[in-house]
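The block underneath contains the structure these notes are about, expressed in structure tokens.
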Amino acid sequence: MNSSFDNPFPYSDDNKRYQTYNYYLRKRFGKKVFKVPLNIDLGCPNRDGTKGVGGCRFCSAKMSGDFAGDPADDILTQYKEIKGKMQSKWADGLCIPYFQAGSNTYGDVEVLRKMYYTALGFENTVGLSIATRADCLDGEKCALLGEIAQKTYLTVELGLQTVHNETAERMNRCHTYEDFLAGYEMLRKSGVNVCVHIINGLPGETKDMMIETVKELSRLDIHSIKIHLLHVLKGTELGAMYQRGEFSAMEMEDYVSLVCDQIELLPPETVIQRVTGDGAKDDLIAPLWSLKKFCVMNEIDKELGRRNSWQGINWGK
């Protein structure tokens, strides 16, 4: 901790009062590490009719892979192109190939094995991140993931969004919180780090419901969390709902206050990978204030400072 910032939170070397992903990776690997988002176009059972059609109502046409590579290219080509752009900012950074778009355990296990191990062989790679749904896991796939976790720093990212099944049904998520817990437990028993995605501002959810989602997750042994703001995007069912006046987007002041409440509830050791998200500028309908990402992050820092608070101060209370 850098005492010049008068920061009481131990997992920080700047003014952040929560454990950022950047801090965790620098401490673990000794230098800057960044993710390289890839798209292997495996699809999603919530789009092809296996579990549902149309996808989750908030999900973009690119299945949350708006900043990932072009699936028409092989993953080495994607990796080189995106890494090259990112190295203009971090010339000597290390990399984590990130299977981002869609459900990246939704396929034949031997196809998955080839993809994962190919990515592990890329230059400057120090780990692997794999985004998926909890209902796209089984014993065979978790065994493969456990095998990889023995060889490298692996994180599997599960899109939960909310613990409330009524909200999940409204959003056409097509799996329950109990399904999530089953997949999560298989991963943990296989020795795999789990990152959980949540979304604040889903239609019909109150502040107490969003707080309850984090309270539930704080009882689990999750490695990390991504806290997202709900983005209303063009071409989604959610966008149509918004334009029909069926719900309102969160205001920045309310979002900042809520995220600080959630940070206070998380164990200090939990890595917070995100406190807001990126919406593709050309597709974003609301809230437009979310385009000022660094402003939102700064307001969260300032609010924690005003409270003289930090991650975990209310954990377990």
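This is a predicted model, so every value here is computed, not measured.
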Without hydrogens or angle criteria, can the side chains of [X] and [Y] be said to hold a donor-acceptor pair below 3.5 Å?
| X | Y | value |
| --- | --- | --- |
| Ser257 | Asp254 | no |
| Glu147 | Tyr117 | yes |
| Thr50 | Asp48 | yes |
| Asn104 | Glu157 | no |

Should [X] and [Y] count as an ion pair when the cut-off is N to O under 4.0 Å?
| X | Y | value |
| --- | --- | --- |
| Glu237 | Arg170 | no |
| Lys16 | Asp301 | yes |
| Lys302 | Glu299 | yes |
| Asp261 | Arg307 | yes |

Donor-acceptor pair, side chain of [X] and main chain of [Y], under 3.5 angstrom:
| X | Y | result |
| --- | --- | --- |
| Thr152 | Leu154 | no |
| Glu264 | Ile313 | no |
| Ser190 | Met186 | yes |
| Gln19 | Pro268 | yes |
| Gln262 | Thr213 | no |
| Asn165 | Tyr177 | yes |
| Gln78 | Asp70 | yes |
| Thr162 | His164 | yes |
| Arg133 | Arg173 | yes |

task = Mind listing the closest non-hydrogen atom pair of Asn46 and Cys174 along with its distance?
result = OD1-SG, 2.9 Å
inquiry  = Quick check on the 6.0 Å ring-centre criterion: do Tyr24 and His223 meet it?
reply    = yes
key: Parallel, tilted or perpendicular: rings of Phe9 and Tyr11 (30°, 60°)   = perpendicular
